[in-house]
Chemist: 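Sharing a structure with you now.
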Amino acid sequence: MSATADMVTDRLSLKPLALPAIAGEGPLFDLKRAAAARFRELGAPARRLERWKYTSLTPLAGAAFTLGGKAGAAELPRIAGTVRLVFVNGRFDAARTDALPDGVVPLGSLGAADMLPLLGPVMDAPDQALATLNTAFSSDGYVVELAAGAVLEQPLHIVHVTAAGAVANPRNIVRLGADARATIVESWLGEGEYWANPVTDIKLATGAALTHYKWQGEAGPAFHTALTSVSIAAAARYEALTLATGGRIMRQEFSIGLDGEGADCRLAGAALGHEAQHLDFTVTMDHRSPHAHSGQAFKSVLASGARSVFQGLVKVGRGAVGTDAHQTSNNLLLDRSAEADAKPELEIFADDVACSHGATVGELDEAKVFYLKSRGLSDEAARALLVEGFVAELFDDLADAAIALHLREGAQAAARRLTEKGRREKEAV
Amino acid sequence: MSDTVKMLEIKNLHATVDGKEILKGFTLTINAGEVHAIMGPNGSGKSTLANVLTGRPGYEVTAGEVIYKGRDLLALDVSERAAAGIFLGFQYPVEIPGITSMNFLKSAVNAVREARGEAPLDAVSFLKMVREKAGYMEMPEAMLKRAVNVGFSGGEKKRHDIVQMLMLEPSLAILDESDSGLDIDALKVVAKGINAMRGPEKSILMITHYQRLLDYVTPDVVHVMKDGRIQRTGGKDLALELEKSGYAAFGEAEKVAS
């Protein structure tokens with residue numbers, strides 16, 4: 001493929017590699033061109049890379065996308081008591097966005113000089129090449145920048161919609177000053193085959209607290225590859241809950257740095273998949289400071305050929321004494337064709353630490369199914385309710401009832417899909 | 001009596017678990033409006049009877065028939081039996097993490113209503129009904145906002161089961177050791193719930209090891225079960241007699257439960 005062929009198109013594909021041209025003058029566009037050049041060298045992550053061992057991007061590589069484009073007028077979710085921001089194919093949609101509070105702007109509204117430090121530097125690591133690609137083609141996203149002590153009164157609800165055939169590369173930036181507080185909920189949806197490739201870059205200053213919910217409810221044939229990178233200063237807290245129900249391939253990676261004494265990170269996630277869905281949660285929890293706490297609680301429920309991956313790496317650096325790090329992976333397989341891979345890992349270079357990990361794989365408890373059926377629920381309804389209960393444990397203690405309901409409804413709909421499929425399979429045998 | 005309506009007829013029922021015969025020609029008729037008690041030692045087949053009647057997987061009926069309100073009960077699926085008005089009170093109610101009792105009760109009540117061709121209860125009517133039934137069973141509403149049976153005491157689980165019975169308004173309640181593990185106060189509350197279900201069109205089959213529940217829920221008929229069938233049938237005095245003499249007088253020597 002010649003360089004001139006890429007210059008005239010918005011087409012983006014991995015195989016054969018075709019990247020849209022990046023026009024524009026100045027350091028910002030130089031950075032983007034450098035990122036595109038680096039991506040050409042790296043290519044998409046392959047399974048020979050340790051962190052990509054369980055996830056193949058081959059189906060993604062076989063598809064072609066275009067940058068930008070229009071989205072259909074899908075009905076967008078609304079969560080009571082939140083401020084909604086809408087992004088279509090990765091670009092800010094002012095018309096469907098509420099009035100924004102102080103400290104919240106779309107990235108695309110910033111000038112090149114302000115955007116440059118937020119996008120750079122170019123990420124170099126082969127296993128994060130998709131983030132490098134994001135740097136090359138991102139032009140929008142949400143920016144939340146709060147001064148010391150500031151509190152975002154209403155949660156932000158970020159709705160990302162992507163249209164068939166599009167690739168979206170949103171870059172989201174969160175900077176919370178000392179003791180600042182915010183809550184963000186993301187909903188991801190779309191239609192047909194498309195690719196959402198977001199990078200979210202979060203820095204929390206001393207004592208700050210961010211609560212971050214995400215419902216990845218992409219369309220069935222879609223691809224979703226996300227990197228959430230977080231640096232947590234002393235006594236700051238990052239709490240995330242991710243519900244993944246959509247997409248053919250999802251890779252949600254968290255790269256967390258516990259960068260100050262007493263930093264605290266709680267990650268929870270649930271993946272519900274059926275048929276060809278492949279849902280991957282990969283976490284690097286880097287304890288770089290003493291007396292930091294981290295928890296990871298991930299669950300999956302899988303039916304009829306679906307697969308989940310959980311890779312949880314906890315690193316405890318020299319000097320990170322008093323580290324408290326725990327991880328669990330609990331998986332429910334609704335039939336024999338589903339597969340869950342759980343790989344908790346520990347790398348410990350400090351004394352006086354408390355680290356634990358555990359993984360379980362099981363089936364639905366038939367005694368519970370009988371109990372529910374004896375109360376009149378159909379076999380399908382009983383199984384769907386048990387699946388919902390299995391993952392809803394993660395939502396039980398949410399402070400915000402409207403957000404909890406939003407996530408619960410997402411889990412409920414997925415639980416019904418899974419159990420309906422599971423039943424059909426059973427009858428077919 | 002000429003105008004009696006048969007609720008349940010069990011004729012020569014044989015059933016096996018893991019190839020072992022547990023019910024060996026069990027025969028019983030319960031008329032509408034009657035409360036029956038089946039008493040018997042461990043291993044006599046009491047719980048197997050309850051499980052076969054409600055359709056729990058793992059039990060195979062090898063002979064006999066069960067007619068419920070004129071229908072072949074054994075041809076119905078577990079959920080269909082519930083919709084048709086059969087309720088099982090569990091010896092060990094099951095915990096369901098992640099699902100609140102409220103949500104569970106609503107799903108159950110509306111599933112049964114739908115199967116009976118009735119419209120689902122709206123939120124207000126449902127809440128009113130829950131409050132009334134839970135209040136009657138002395139269960140605080142806050143408990144119903146917790147996950148089903150999770151962290152409940154033995155007595156709370158049994159009371160919760162009876163709340164479900166009162167909500168579902170069955171025609172035939174089969175109560176498998178609903179008295180086990182209860183202190184005297186909890187026993188009285190459970191008995192109050194069972195008595196509330198009595199009526200001319202309702203029947204109750206209480207399965208119990210001990211006589212004490214029968215002090216609070218007076219049965220019309222008492223059966224002694226042993227070795228997979230009924231050995232003797234009498235009035236409520238039979239329970240008192242058993243309390244004195246034990247089960248050894250009936251049939252062969254007591255067997256250990258499997």
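By convention in this document, chain letters (A, B, ...) are assigned in the order of the sequence lines, proteins followed by strands, and residues within each chain are numbered from 1.
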Chemist: Just so I know, are the side chains of B:Pro97 and A:Lys368 near enough to count as touching, which here means a heavy-atom distance under 4.5 Å?
Modeler: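 When only atoms from C-beta onward are counted, A:Lys368 and B:Pro97 do touch, with a gap below 4.5 Å.
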Chemist: Rounded to the nearest 0.5 Å, how far does CG of A:Leu385 lie from CG of B:Asn103?
Modeler: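 Taking CG in B:Asn103 and CG in A:Leu385, the distance rounds to 5.5 Å.
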Chemist: May I have the step-by-step check of side chain to side chain contact (heavy atoms under 4.5 Å, CB included) for B:Glu95 and A:Asp365, ending in yes or no?
Modeler: CA-CA 11 Å; B:Glu95 297 182 4; A:Asp365 181 349; over 6 Å; no
Chemist: Quick one: CD1 on B:Ile96 to CG on A:Leu386, what's the gap to the nearest 0.5 Å?
Modeler: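 One finds 5.0 Å between CD1 of B:Ile96 and CG of A:Leu386.
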Chemist: Atom OG of A:Ser374 and atom CZ of B:Phe87: how far apart are they, to the nearest 0.5 Å?
Modeler: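 A:Ser374 atom OG to B:Phe87 atom CZ measures 7.0 Å (nearest 0.5 Å).
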Chemist: Select all residues of residues 69-84 of chain B having any heavy atom within less than 4.5 Å of some heavy atom of chain A, and report them by number, or 'none'.
Modeler: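 So the qualifying residues are B:Asp77, B:Val78, B:Ser79, B:Ala82.
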Chemist: Hey, what's the ring geometry for A:Tyr371 with B:Phe104, parallel, tilted or perpendicular (30° and 60° as the breaks)?
Modeler: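 Parallel, since the angle between the ring planes stays under 30°.
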Chemist: In Å, rounded to the nearest 0.5 Å, how long is the span from CZ of B:Arg56 to NZ of A:Lys373?
Modeler: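 Separation between the atoms: 12.0 Å.
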Chemist: Of the listed residues (A:Ala381, A:Gly389, A:Ala382, A:Gly376), which shares the most heavy-atom pairs with chain B below a 4.5 Å separation?
Modeler: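 The residue among A:Ala381, A:Gly389, A:Ala382, A:Gly376 with the greatest pair count is A:Gly389.
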Chemist: Under 4.5 Å heavy-atom distance to chain B, tell me which part of A:Leu377 shows up: side chain, backbone, both or neither.
Modeler: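 Its backbone and side chain both get close to chain B.
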Chemist: Strictly less than 4.5 Å between heavy atoms, which residues of residues 119-148 of chain B line up against chain A? Please order them by number.
Modeler: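 Residues B:Val148 are the ones that qualify, each having a heavy atom under 4.5 Å from chain A.
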Chemist: What are the two closest heavy atoms between B:Pro57 and A:Phe370, and how far apart are they?
Modeler: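 For B:Pro57 versus A:Phe370, the nearest heavy atoms are CD-CD1, 3.9 Å.
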Chemist: For A:Gln154, look at atom CD and say whether over 12 heavy atoms of other residues, nucleotides or ligands are found less than 6.0 Å away.
Modeler: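 Atom CD in A:Gln154 is packed in, count exceeds 12.
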Chemist: Quick check on B:Leu88 against chain A: is it the side chain, the backbone, both or neither that has a heavy atom closer than 4.5 Å?
Modeler: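 Both parts, heavy atoms under 4.5 Å.
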